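Taking it in order: structure first as structure tokens, then the write-up.
As the structure is a computational prediction, the values presented were derived from the model and not from experiment. Reckoned from all heavy atoms, side chains included, excluding hydrogens, waters and symmetry mates. Below, read A as the first sequence line, B as the second, and so on, with proteins coming before strands; counting in each chain starts at 1.
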Amino acid sequence: MTDRPDPDVSVTEDSDEAVQVSVADFFHRLYQVTYSKTIGLIIVLTLAVFVFLGVIITQAGPGVWDNPMAQEQFMDQMYAKFGGWASIMSFLGLFHIFSSIGFYIVIGALTISLLGCTTHRLPQLWQRWRHPKVVVSSHFFSAARYNGSVESNLDDVQTLRTAADHLKSKRYRIISGNETSLYADKNAWGGFGTPIAHLSFILIMAAFVITSLTALQQVLVLSIGGDAREVEFATNLTVEAVSFEATIDPETDRPLDYVAHLILRDSGEIVAERDVRVNEPLRYHGFSFHQYNYGDTVEVKVTDRNDEVVYAGPVELQWLSDNGWYRVGEFVLPERGIEVAVYILAAGVVTEDLEAGQVAFMIFQEGADDPMASVVVDQGDFGTVGDLNFGFVRENRYTGIMVRNDPGEIWMLFASILLVGGMTMTFAFRHRRLWVRAQDGKLLFASSDKEEYGFRQEFDQLLSQATAWFPVRRK
Amino acid sequence: MSPEQQTLLQVAEMFLVSALVLMVLALITSLIVLSASRRVSRVPAKKLVKVSTVPDADAPDVDEFDVLEDIEDTTADEVSAEIMAMDSAVDAADAAELAELDDAIEPPAAKKKSTGLNMASFTTGLIVTSLVLVTVYLAMRWIVAGHGPFSNMHEFAVSFVWGILVAYLVTLWKFKMRMLSLVVLPVTGALLTYAIQVGTDVNTLVPALQDKLLLTLHVGFAVTSYGAACVSFGAAVLYLLYPKLKLKSPRDRFDEVGYKAAIVTFPLMTIMILLGALWANSAWGRYWGWDPKETAALLTWLLYAGFLHARVVRGWHGAKSAWLLILGFAAVMFAYFGNYFLTGLHSIYR
Ligand code: HEM
């Protein structure tokens, strides 16, 4: 080992350092971008532009973009509306803006920017709260945005003490600098409202992500007075609809109320029984049961050659056939690769193919357009196709109950409270600062806070009150 | 509805029409006050009014944090030098402004004699009276219908007017800024005309609207926040038209009132949207469905967020941020009347 460094090594070290510096520099600049207020503003306004487009351009409903058939149908409408532009708009994601790449990028940028602003700012706020600059120069007292003075007949130390007492009684926090100068402020903590609001907005977005990744949801079609059904994602839970009532205002035809009376069982034990209305879901252990929709069903039963039940339950009559003659529902037998459409006559229609009190089952290979078989069945009877028996139990009504389990819910609530709390702190508890000094028989006040009508009045008022603090010998 | 209730509603409607008439009168008297003050302002000023209250928002854009950093990072003398430099720029700006104000500010003596002031108090009286009439109208309907004013567009529009008048009067009380009525009254007048023309039927509530507490709060926050939004819109319009109008208050006061009204608008709007989400969650099992009406409210919210942030960005003061306020209020109106062009769950109101 020699003291003289090996030239090669030292060169390498040097360049290493250079690289390190520029890397640090690079990251520093990157960080500066994240807390740039201009960029933050541009991001917020860009988001506004996306949202604006989402308001004025018809958006495909939920699930439409994942389903090729629905997508095609939707696009047909859009071609009719926008002509050739529709394909360009579709390419740009304008019909599903809120799940488009561009939107996710803006949301990501917003998150980063919010984080950047907050981390950049917290130390400054801390400093301003815990270690504010207490002593300022005498020029400050003549040059600051707010400044003024009153005369005192006491010596400077006593003058300052008097001022401190009065300011304290006005709920100012006092930090004394030296014998003749002090710093006073109000609501120093109010400034933390902004980072709280910023972070809570990130939390709101996070709650949406949690919801979309983990929330479970299913609409249970329950026959009224029919059997209990299992919740798909919580098979220990079963729900039964004892009754359902839709009240319609006879004068206006507007619905007044929907009430379903539900029984909820956990592992066979009744754990809740009550009415569920539109705004009064039933809640149980993180699950909520909402009144979702209602309508008519046919109850069907499908058995195989050995009389084993392959399918049993209500089928929701969701559609009307194109000619308006039939009401149609559908169910799937996934193990058999079969879809079954159920047809029943619409009210008041007479046809030759189907009579009132009968149901037609049309059986499709999954995904096929034409049925491979069909059978017409009377109520209480079965009709056989291949090795399956299709039974029509009865017509009934159903109520759709939406079951939800959403771990994001609690976060959403928490974040909302933080957002409102943070804003209240920022807007209602502005940080107000005063620098005060006693000098040459005068008490000087100054503040460099932002110009504001309210603070200007408060400052002027303080000055006029301060004249009364000292029984001045008027010259 | 019983015959007594029907009579009650008819009486109430007379109140509403009277409120509209008073607003039109108040607008006319406001215009008279404006032209009177312009006439007075042509009299050469003998005395300047309180120089120190003229704000210095034309100062180089030093934001609060820059000042903080200055104070923390530099010695006291440097701070003072900095602030002095800053303030001398302010002084220059102020001098120019004062020269202008010189013409605009009326001498105190002239003020006392001018018919303008009496007329101004009369205008305020008219506006207060129309607020009372609108309040009584809403209260009577509430009693007859058994629910708050949120079942149809008529009720919405009237409560919007209520919110605007309250926000206007609060601003008047705090900032003594009468001339906002020049912008606010045409808006309330148009809304009331629309409300009367759209029909005054009392509707029953569809089930989704039957959570009365949540809805009353949701609509209450909407109305107050939109009312404040209208005031900040008024301030922004006057700020932009200032050079043409020669108003008494310094121009920056309009900037400040626009901001103050916006910081009332923004949190109230936030609460309104959050309550809406909470309600959607209990009614439909989801907070947010990108329903056009929800989305329009979000757009409005983002524009106000943009406005607040524009103020802390260099070079976005004054005219640019005033335009953002105007855009924000356009979005409020769009969200409000969105039912007419947008489809979605909220279209139950149609
Ligand atoms: C939509 C998301 C956002 C919300 C809800 C929000 C909320 C707020 C609120 C309520 C204020 C107080 C405004 C005032 O005092 O006038 C504020 C100020 C501020 N925000 Fe945001 N903000 C958002 C996005 C951002 C972004 C992306 C940035 C990044 C640059 C940012 C940086 C700032 C800064 C620097 C201030 C000024 C603080 C001050 O002067 O005290 N904000 N924000």
Side-chain angles (χ1 to χ4, degrees), chain A residues 37-38 40-41 44-45 47-48 51-52 54-55 59 62 98 121 124 127-128 131-133 135-140 143-145 208 211 217 249 252 254-258 277-281 288 290-292 402 404 409 412-413 416 419-420 423-424 427 448-454 456 460, chain B residues 53 55-57 64-65 67-69 71-72 75-77 79-81 83-84 87 175 203-208 210-211 214 252-253 256 260 263 266-267 270-271 274 277-279 281-285 287-290 292 295-296 298-299 302-303 305-306 309-310 312-314 316 334 338 342:
Chain A
K37 291 174 224 160
T38 312
L41 174 63
V44 171
L45 293 180
L47 191 59
V51 172
F52 177 66
V55 178
Q59 298 292 298
F98 303 115
R121 209 133 167 239
Q124 295 176 337
Q127 182 85 1
R128 181 190 267 212
H131 312 285
K133 174 93 189 163
V135 181
V136 287
S137 75
S138 28
H139 294 304
F140 185 87
R145 186 170 284 145
F208 271 113
T211 295
Q217 173 174 327
D249 183 353
T252 58
R254 280 164 72 112
L256 290 177
D257 205 3
Y258 307 123
R277 292 183 151 79
V278 173
N279 277 307
E280 294 167 15
S288 56
H290 299 261
Q291 169 60 46
Y292 186 71
M402 172 143 80
R404 252 178 96 76
E409 194 169 15
M412 183 61 90
L413 202 65
S416 300
L419 180 61
V420 174
M423 279 187 192
T424 312
F427 294 130
S448 61
D449 280 354
K450 269 188 188 151
E451 179 62 43
E452 249 182 65
Y453 184 64
R456 176 66 69 189
D460 289 348
Chain B
T53 56
D56 50 358
E64 228 191 324
F65 257 83
V67 171
L68 167 80
E69 278 158 16
I71 289 179
E72 309 300 346
T75 68
D77 280 345
V79 174
S80 313
I83 287 176
M84 271 165 81
D87 276 24
F175 292 89
N203 287 353
T204 48
L205 291 178
V206 300
Q210 283 175 6
D211 189 329
L214 205 55
D252 291 306
R253 188 64 56 75
E256 191 184 340
K260 279 284 156 70
I263 65 173
F266 192 59
T270 308
I271 299 176
L274 292 174
L278 211 68
W279 162 40
N281 191 44
S282 88
W284 296 294
Y287 306 100
W288 199 260
W290 297 109
T295 315
L298 178 67
L299 170 63
L302 285 171
L303 287 172
H309 289 85
V312 293
V313 171
R314 241 159 266 260
W316 272 75
F334 182 68
L342 310 169

For this session: Find the distance between CD (A/Q59) and OG1 (B/T295) and round it off to the nearest 0.5 Å.
Result: 8.0 Å
Exercise. Does any heavy atom of chain B fall under 4.5 Å from the side chain of A/S288, the backbone, both, or neither of them?
Worked result: neither
Exercise. If you measure from CD1 on B/I263 to CE on A/M423, what distance do you get to the nearest 0.5 Å?
Worked result: 11.5 Å
Problem set entry | For the student: nearest non-hydrogen atoms of B/A305 and A/V44, plus distance | CB-CG1, 4.2 Å
Problem set entry | Engaged part of B/Y287 at the chain A interface, taking heavy atoms whose separation is under 4.5 Å | side chain
For this session: Would you indicate whether the side-chain heavy atoms of A/L41 and B/V312 approach each other to under 4.5 Å?
Result: no
Seminar exercise, completed: Shortest non-hydrogen pair, A/E452 vs B/K260, comes out as OE1-NZ, 3.0 Å
For this session: Measure distances from A/L47 to the heavy atoms of chain B and classify the residue's part below 4.5 Å as side chain, backbone, both or neither.
Result: both
Exercise. Is it the case that more than 12 heavy atoms not belonging to A/F427 sit under 6.0 Å from its CZ atom?
Worked result: yes
Problem set entry | Shortest non-hydrogen contact between A/A48 and B/L299, atoms and distance | O-CD1, 3.3 Å
Exercise. Does a sphere of radius 6.0 Å around CZ in B/F175 hold more than 12 heavy atoms from other residues, nucleotides or ligands, not counting ones at 6.0 Å or beyond?
Worked result: yes
Exercise. Aromatic rings B/W290 and A/F98: how do their planes relate, parallel, tilted or perpendicular, breaks at 30° and 60°?
Worked result: parallel
Seminar exercise, completed: Sorted by chain and residue number, the side chain to side chain donor-acceptor pair (under 3.5 Å) partners of A/T211 (sequence neighbours excluded) come out as A/D406
Problem set entry | Closest heavy-atom pair and its distance - B/N281, A/H290 | O-CE1, 3.0 Å
